[in-house]
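A short write-up of the structure that comes next.
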Amino acid sequence: MRCPWGDRPCYRIRTVPEAAPRRPVGPHHPAPALKIAILGAGISGLALARFLVEGGVALADLTLFEAAPVAGGLCRSKTVDGFTYDRAGGHVLYSKDAAAMQWMKDCAGGDAAFVKKDRNTRIRFGDRWVHYPFENGLSDLPPQANYECVTGYVKAWHERLMDGSAAPADFGSWVRWRFGDGIADHFMDPYNEKVWKRDLAFLTSDWVAGRVPDAPIEDVLRSAVGIRTEGYTHQSIFFYPQHGGFQAITDGIASSLETRILFSTPVTDVVKSGTSWRVNGEEFDLVVSTLSLTLLPDIVADMPTGVADAMRRLEYNSLVCVLIALDRPEHPDLSWIYLPHANQGPANRVTYMSNYAPGNAPAGQTSLMAEVTWRGGEQPPGAELTDAIVDGLVQAGLLTRDEILFTDRSEVPQAYVVFDHDYARKRSAALGWLESQGLHTLGRFARFEYDNSDQCVIKARELAASLLAACSS
Ligand SMILES: Cc1cc2nc3c(=O)[nH]c(=O)nc-3n(C[C@H](O)[C@H](O)[C@H](O)COP(=O)(O)OP(=O)(O)OC[C@H]3O[C@@H](n4cnc5c(N)ncnc54)[C@H](O)[C@@H]3O)c2cc1C
């Protein structure tokens, strides 16, 4: 990698190790006046800034531009009358990368600042609670549905074995090829149509790798006759901040950077000028964007039409979250549940926010949070949506109307990347051009990937290391 600072003086610093110790900037480590702009102060931008500082970059040389008055982006939480909820859907902390997860915890006060929870998730099916993943909970279903699911699963398994067919490219066909008709009809189709708001043939099956649990047939047969099997152990334990919601993590990361974050300062203008950049008119040597690719055609100058078109056509879903504060002393010990069916209202998932941490609700009261996705770029319904959500949850037996203290609504314009059949071409046209310009990208919508916050931190650590290494050789 070429030194991102071109011919200008470089930091003589080592690569950021997995857990980088702080290195003081002092007389032995003079900080040259090289300016770095980070666009966006969500967890990606914040983590990158922290890793650069931990690697030796002087804080004064960093500027974070943030459109919102608060840092955190999709990790932000909101507190209303003592009830805290995550504004972009229920967030929990877990990671396969222990160092990254510990770093996140340490930034937010260490282990003692977190609650450790066993994940307990269910699918609401009529008046039953079905273990998640669905194919590991078949014996929780009514007998007829169990029979349809297990025969469909066996038929699909047998057909795959006999004809050796490759995985179909569209998600709708893939579901039937992989799980069979019973599971498709009873859960996968209705649930995924609620989340994606599109015909499932519109989506590719590529995105499912590693995200949709893939149970061996023996486990499905055991589960159908009532022998418990755990299908998805990755998140079986998670962590959540004691106070302040998930945002406590980004607040912690931001705490040492606050003097360098320009809040309420949307980036409107990024112009390349020789080997440097101007951001909102100010000159920088290096720019890292964590902003959504879909925003860049209106921000980055001199973008070819084909690239701008590819960015604008990337598909995504928005999200409406509704907190429901309840005058009820306790809930069942659930983490979150899935609501696949239309008669359960528009919400696809409900998080038991007050079960996550004692700080999420006043003593003796509880809360739920319902999530409803929306097709990106379209306007979600107004107040009637909350009514429809509540009606659905009453119908599903989760609450009664007279328990409700109040509701509160948040919206995020971009929540889910939608993997349509042209996704890979559009994304590589966008990222290829940005790379050719030397504009770095990092983050969920900046790279249009289905990344969780820990993956944003891991990728920020990698990018910091490669930027620093490029200058240290
Ligand atoms: C429903 C849902 C559930 C999730 N659950 C989990 C979970 O359980 N665990 C987990 O770890 N992760 C979870 N995630 C993923 C996690 O929220 C994201 O991976 C992470 O927050 C992305 O961070 P980011 O910094 O890349 O992007 P963002 O958070 O989107 O940050 C981008 C920042 O740029 C700012 N910005 C936008 N436009 C401009 C502009 N013009 N100028 C300046 N600033 C601008 C925004 O305000 C924002 O602060 C979930 C996400 C969703 C949607």
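The first residue of the sequence shown is numbered 1, and numbering continues consecutively from there. Note: hydrogens, waters and symmetry copies are ignored here, and every other heavy atom, side chains too, is used. In listed order, ligands and their atoms are each counted from 1.
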Check your understanding: Phe171 pairs by ring-ring contact (aromatic ring centres under 6.0 Å, His included) with which of Trp207, Phe419, Phe202?
Key -> Trp207
Check your understanding: In Å, rounded to the nearest 0.5 Å, how long is the span from CD of Glu315 to NE2 of His421?
Key -> 11.0 Å
Check your understanding: Which of parallel (below 30°), tilted (30 to 60°) and perpendicular (above 60°) describes Phe179 and Trp174?
Key -> perpendicular
Practice item. Give, for atom SG of Cys75 and atom CZ of Arg87, the distance between the pair rounded to the nearest 0.5 Å. Key: 11.5 Å
**Study point:** Audit row: Tyr356, Tyr240, ring pair (Phe, Tyr, Trp, His ring centres under 6.0 Å) steps and yes/no
**Key:** CA-CA 6 Å; Tyr356 277 16; Tyr240 193 86; 5.0 Å; yes
Exercise for review: Run the contact test for Leu39 against ligand 1 with a 4.0 Å cut-off on heavy atoms, strictly below, and give the result.
Suggested key: no
**Study point:** Ala67, portion touching ligand 1 at heavy-atom distance under 4.0 Å
**Key:** both
Review point. Which part of Asn452 is near ligand 1, with near meaning a heavy atom under 4.0 Å away: side chain, backbone, both or neither?
Key: both
Review point. Please walk me through it: do Asp408 and Tyr85 pass side chain to side chain donor-acceptor pair (under 3.5 Å)?
Key: CA-CA 10 Å; Asp408 192 74; Tyr85 71 105; 2.6 Å; yes
Check your understanding: Any idea which protein heavy atom is nearest atom 11 (O) of ligand 1, and the distance to it?
Key -> Ser453 OG, 2.5 Å
Exercise for review: Could you tell me whether Phe445 and ligand 1 have an N or O pair separated by under 3.5 Å?
Suggested key: no
Check your understanding: Of the protein's non-hydrogen atoms, which lies at the shortest distance from atom 28 (P) of ligand 1, and what is that distance?
Key -> Leu74 N, 3.9 Å
Check your understanding: Which residue supplies the protein heavy atom nearest to atom 32 (C) of ligand 1, what is that atom called, and how far is it?
Key -> Thr290 O, 3.9 Å
**Study point:** Proximity of Tyr416 to ligand 1 by residue part, where a heavy atom lies under 4.0 Å
**Key:** side chain
Practice item. Please say whether Gly89 places an N or O atom under 3.5 Å from an N or O atom belonging to ligand 1. Key: no
Point to revise | Protein contact to atom 31 (O) of ligand 1 [nearest heavy atom, distance to 0.1 Å] | key: Gly42 CA, 3.6 Å
Practice item. Please find out if less than 6.0 Å separates the ring center of Phe406 from that of Phe83. Key: yes
Practice item. Report yes if some heavy atom in the side chain of Thr63 is under 4.5 Å from a heavy atom in the side chain of Val279; otherwise report no. Key: no
Point to revise | Proximity to ligand 1 by part of Thr268, non-hydrogen separation under 4.0 Å | key: neither
Check your understanding: Looking only at protein heavy atoms, which one is nearest to atom 40 (C) of ligand 1, and how far off is it?
Key -> Val267 N, 3.6 Å
Practice item. Anything under 30° is parallel, anything over 60° is perpendicular, the rest tilted; go ahead and classify Phe187 against Tyr338. Key: perpendicular
Exercise for review: Please tell me if the side chains of Lys116 and Ile237 come closer than 4.5 Å, counting only heavy atoms from C-beta onward.
Suggested key: yes
Point to revise | Cation-aromatic face contact Lys35/Phe284, 6.0 Å, 45 degrees | key: yes
Revision key, fill the gap. for atom 52 (C) of ligand 1, nearest protein heavy atom and its distance come out as Ala88 O, 3.5 Å
Practice item. Would you check whether Asp451 has a nitrogen or oxygen atom less than 3.5 angstrom from a nitrogen or oxygen atom of ligand 1? Key: yes
Study note, to complete from the structure: Going by the 4.0 angstrom heavy-atom rule, the piece of Leu93 near ligand 1 is neither
Review point. Out of Ser264, Gly443, Ala415, whose heavy atom is nearest to atom 53 (C) of ligand 1?
Key: Ala415
Exercise for review: Answer yes if a protein heavy atom lies under 4.0 Å from atom 23 (O) of ligand 1, otherwise answer no.
Suggested key: yes
Exercise for review: Check whether any heavy atom of Phe65 sits under 4.0 Å from an atom of ligand 1.
Suggested key: yes
Point to revise | Contact check: Ser44 vs ligand 1, nitrogen or oxygen atoms, below 3.5 angstrom | key: yes
Exercise for review: Output the list of atoms in ligand 1 that are nearer than 4.0 Å to some heavy atom of Leu319, sorted by atom number.
Suggested key: 1 (C)
Study note, to complete from the structure: Judged by heavy atoms only, the candidate from His91, Gln414, Arg447 nearest atom 50 (C) of ligand 1 is His91
**Study point:** Minimum non-hydrogen distance to atom 8 (O) of ligand 1, winning option of Thr265, Val92, Leu295, Asp454
**Key:** Val92
Review point. Between Asp420 and Arg198, is there a salt bridge with N-O shorter than 4.0 Å?
Key: no
Practice item. Tell me, with the steps shown, if Thr229 and Asn136 meet side chain to side chain donor-acceptor pair (under 3.5 Å). Key: CA-CA 6 Å; Thr229 55; Asn136 291 86; 2.9 Å; yes
Practice item. Pick, from Asn317, Val457, Leu291, Thr373, the option with the minimum heavy-atom distance to atom 39 (C) of ligand 1. Key: Leu291
Review point. With distance as the sole test, does Lys459 use its side chain to make a donor-acceptor pair with the main-chain N or O of Leu442 at under 3.5 Å?
Key: no
Review point. Does NZ or CZ of Arg444 fall inside the cone over Tyr450's six-membered ring, less than 6.0 Å from its centre and within 45° of the axis?
Key: yes
Review point. Do any N/O atoms on Ile299 end up under 3.5 angstrom from N/O atoms on ligand 1?
Key: no
Exercise for review: Give the numbers and elements of all ligand 1 atoms closer than 4.0 Å to a heavy atom of Gly73.
Suggested key: 29 (O), 48 (C), 49 (O)
Practice item. Carefully, step by step, assess Ser77 and Asp86 under the rule side chain to side chain donor-acceptor pair (under 3.5 Å). Key: CA-CA 4 Å; Ser77 307; Asp86 299 329; 2.8 Å; yes
**Study point:** Distance filter under 4.0 Å to Arg444 heavy atoms, resulting ligand 1 atoms
**Key:** 15 (C), 18 (C), 19 (O), 22 (C), 26 (O), 51 (C), 52 (C), 53 (C)
Check your understanding: Hey, does Thr84 have a side-chain heavy atom less than 4.5 Å from the side chain of Gln247?
Key -> no
Exercise for review: Report the nearest protein non-hydrogen atom to atom 5 (N) of ligand 1: residue, atom name, distance rounded to 0.1 Å.
Suggested key: Gly90 O, 3.6 Å
Check your understanding: Is there any N or O on Glu66 that sits under 3.5 Å from an N or O of ligand 1?
Key -> yes
Check your understanding: Rounded to the nearest 0.5 Å, how far does SG of Cys456 lie from CG of Leu463?
Key -> 12.0 Å
Review point. Of all the atoms in ligand 1, which lie at a distance below 4.0 Å from a heavy atom belonging to Cys75?
Key: 21 (O)
Practice item. Give the residue, atom name and distance (to 0.1 Å) of the protein heavy atom nearest atom 34 (O) of ligand 1. Key: Gly40 CA, 3.4 Å
**Study point:** Test item, Ala71 contacting ligand 1 (heavy atom, 4.0 angstrom)
**Key:** no
